[in-house]
There are 2 protein chains.
Amino acid sequence: MSAYDDLMAFTKTTTALGQVAGRLGWDQETMMPRGAAEQRAEEMAAMEEVLHARRVDVRVGAWLDEIEDASLDDVGQAQMRHVRKSYARTMKVPADLAAEIAKVTSRSQGLWAQARADEDVAAFVPVLEEVVALKRQEGQALAEGGDVYDAMIDDYEPEMTAAELGAMFDAMRPRLVALRSGALAAEAPVALTGTFPEGAQMKLTRELARAFGYDSKHGRVDKAVHPFSSGSGLDVRITTRTAEHDPFNCFYSTIHEVGHAAYEQGIDRDYLLTPLGQGVSMGVHESQSRIYENQIGRSEAFTGWLFGQMKDVFGDFGVADADAFYKTVNGVHQGYIRTEADEVQYNLHIMLRFDLERALMAGDLAVGDLEAAWNDRFEADFGYAVDKPSNGCLQDVHWSLGLFGYFPTYSLGNVYAGCLNESLRRAVPDLDAQLAAGDTSVATAWLRENLQRHGGLRTPLDTIRHASGIEPTSEPLLTYLETKFGALYGL
Amino acid sequence: MSAYDDLMAFTKTTTALGQVAGRLGWDQETMMPRGAAEQRAEEMAAMEEVLHARRVDVRVGAWLDEIEDASLDDVGQAQMRHVRKSYARTMKVPADLAAEIAKVTSRSQGLWAQARADEDVAAFVPVLEEVVALKRQEGQALAEGGDVYDAMIDDYEPEMTAAELGAMFDAMRPRLVALRSGALAAEAPVALTGTFPEGAQMKLTRELARAFGYDSKHGRVDKAVHPFSSGSGLDVRITTRTAEHDPFNCFYSTIHEVGHAAYEQGIDRDYLLTPLGQGVSMGVHESQSRIYENQIGRSEAFTGWLFGQMKDVFGDFGVADADAFYKTVNGVHQGYIRTEADEVQYNLHIMLRFDLERALMAGDLAVGDLEAAWNDRFEADFGYAVDKPSNGCLQDVHWSLGLFGYFPTYSLGNVYAGCLNESLRRAVPDLDAQLAAGDTSVATAWLRENLQRHGGLRTPLDTIRHASGIEPTSEPLLTYLETKFGALYGL
């Protein structure tokens, strides 16, 4: 066995253990008996202890020292790029700092949930100050003199910097604000009426998953409080949720998660349980969930088909025809909550968080001033005031978990989805005719062939470049949004 | 931290990882997508690698050298008894032998399943010869000059020997053979007619689980091909199965597994994720499942209540009254399959396997002669000939997995259940009045207080002695069976 083979065998075991830990997380959200939480915490901690020990195992460093990447083929070099990056990242952060972050964020998450329930920002500020201080320490260790926030972004989106993201977002914002203002001033779409039985929603949502190419032989669909996709390779499970008066929540959560799952399910089997065998970055991952959900799932052609399906299942629900239905699905409404936002306003939510967390990490914004900064910025971008903290700076779990640098990847995913959609439409000119029949197979096959199957073979940007054939910019997304919502709202 | 504290902390993590591995097994039988098997094998192997490394960790030996058991309290001494035994056992078996056994039994299980499907014993003989040879090697390593089969029994039932079991079984056999002959010569019970919808079976089976004290806050009930109980402490899950024409299969599988689960759920919380925090032996475990299933669940009083429940749910099913139902539940029929056998004939199945595997391990029986030996013995004990290998020596998975020494613990569990039942009846004279109302709570509380809650605190025999207050013998079981089936069949 060569050092490369030894390292890959070691990595395979570590990856398999990571899959086990991930499935424990899935179980916790779907199957776990409610009284098992205390024991589960011990089980998760035990898995984390094992995984951490393997990440810092000195043998990994020795193997890496021995391996000459230049002597490997393209795939081998890509594998080593991931292992070297991950090992270097782990070794830069002192073990006691990593342990302290784990401890504090665990406590912080509970305090955040309580503060949100109590509408009490002050109760959350002290522990968030601790989290921010610890994450800045970690960022400094990772940055080695470079930008702290860039180092954090690198955890989720290698190659990307705050400066690039900031420039892109700043250029996008005025056009999105104009679009949202126009849409909100125009006539509102028809609202759904009636109730939508949960059993029927789940039945149709399983059909939607199938329609979008979800492979049930290598996954399963369950209900959970929060929709998510979990696992890589041959076992990629998704969850969705149902609300009796809002079937779109269920259907578009499912399609979104199917996008994530299709990426993981679609990666070449040769990469199973290797560093290349999972989505390459959060932004690229989100590009898949977004293009499934929005550019395909909320298209006029596909919603026409969905309207027929829903009529068959639910009878009359207050929407007269496919045209009205298309507008209802794509309704732009005033709202405070990121996860409920439409395609236009969603990105404004992200930009707000990006600028605030960037300022927090730079030390330009104190945690104690966060609420005021949030509320000022929200009113400036959205045109009305935040009414309570759970609709404002306490709405997202991310910061309580120390996930700084994560938010911008959501909008980056939208930008990438815009690029991919433009190329997909060029490659498949009659796509709408297929989508109008509920057939997404040509679209999903195109994404699989050009992007999904390559997993982590290329860098994130090169993954998008390779798949779309263009240099990624926000222009395709903005053009798509302005065309679509301009037509919908007569702007 | 003392060496004891260090060791207990290390053991807690190992135990937690063992729970995770066990839950993967549960997932595999209940939830896993059908295409995930290849990846799951890698995940299980990864967990096994981690667990094995912890079992042979040199720090465990160093801690054990440092700890003076005499300085610990009773609980601490009991904890150390388990850790020392387990560590010594692991260290006695060479790593390459353990790996070879794992490899061969994995292959063997597949070959057994195929041979059983093909009714082809000869196809299974060569690999079983390998398994027997390897397990004898392991037994020799464990026995250190003592009896090989005793060393194997010790894995499942500490303190017990083949000589003791053989003497007990030999004394039981004539009385059981006489009982089965008498019952089979008498009038057969009424058979169930009609179908029993699976949904209704699952609903009633959940009520039965609740009636027997299964704690759904710390567990869940799902369907699987084979009923089993999985996990310890705060997360103990059971499975059951349904057959449209045989609701007893579902109901009594459930009650049986609830017995196992109640033991694990009932152990004192102080022992959570410690060596004392699980059932002390297979025999004691089986005593719980058997007394729940048989002495309580198949009693005249309880079946009277169950008859009413089934009438409410299923309407008429061809059984006129509770008396006839009691006899139907306890029907003694000709049959080849151990897992389908009644209380009387079940033990004859075990004794057959015990004697054959004892002879295999002693080298007195060649694998090539196993089928003939099985068939001869079966005809002698059961009175009719085996018609095909799947009804004979290929019916059980155990030997293909190298589980020698496991079978006798099933009958030992019945013997222990007999002892416990005698003491329970003495302690709760009006038990039948409660069971007749479907209330098992006094019985299950007695078992919890006297046996279950102590987990591994005492040795298996001392566990039964402490709970029953008597020296364990087969007499209570035999008297119980002769009284019950004598009355049922007018013997």
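Proteins come first, then strands; the chains are lettered A, B, ... in the order of their sequence lines, and each starts at number 1.
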**Prompt:** For A/Thr15, is it the side chain, the backbone, both or neither that has a heavy atom under 4.5 Å from a heavy atom of chain B?
**Reply:** neither
**Asked** About how many Å separate CZ of B/Arg40 and CG of A/Asp235, when rounded to the nearest 0.5 Å?
**Response** 6.0 Å
**Message:** Contact between A/Arg34 and B/Arg220 at the side-chain level, heavy atoms closer than 4.5 Å - yes or no?
**Reply:** no
**Prompt:** Does A/Asp27 pair with B/Arg23 as a salt bridge, N-O distance under 4.0 Å?
**Reply:** no
**Request:** Please indicate whether A/Lys217 has more than 12 foreign heavy atoms, meaning atoms of other residues, nucleotides or ligands, lying under 6.0 Å from its NZ.
**Result:** no
**Prompt:** More than 12 non-hydrogen atoms from neighbouring residues, nucleotides or ligands closer than 6.0 Å to NZ on A/Lys85, yes or no?
**Reply:** yes
**chain A contact via B/Met32 - which portion, at a heavy-atom distance below 4.5 Å** = both
**Item:** Pick from B/Ala21, B/Ala16, B/Gly35 with the largest number of heavy-atom pairs that fall under 4.5 Å of chain A
**Value:** B/Gly35
**Item:** Contacting region of A/Glu42 [heavy-atom separation from chain B under 4.5 Å]
**Value:** both
**Note, B/Pro33 side chain near A/Arg237 side chain (heavy atom, < 4.5 Å)** = yes
**Asked** Is the count of non-hydrogen atoms from other residues, nucleotides or ligands lying under 6.0 Å from B/Glu38 atom CD greater than 12?
**Response** no
**B/Lys12 NZ: over 12 foreign heavy atoms closer than 6.0 Å** = no
**Fill in**
Bottom line for A/Met31: the part with an atom under 4.5 Å from chain B's heavy atoms is both
**Prompt:** Is the backbone N or O of B/Val20 less than 3.5 Å from a side-chain atom of A/Glu43, with the two atoms forming a donor-acceptor pair by type?
**Reply:** no
**Request:** Would you name the heavy atoms of B/Leu17 and A/Met47 that are closest together and state the gap between them?
**Result:** CD2-SD, 3.5 Å
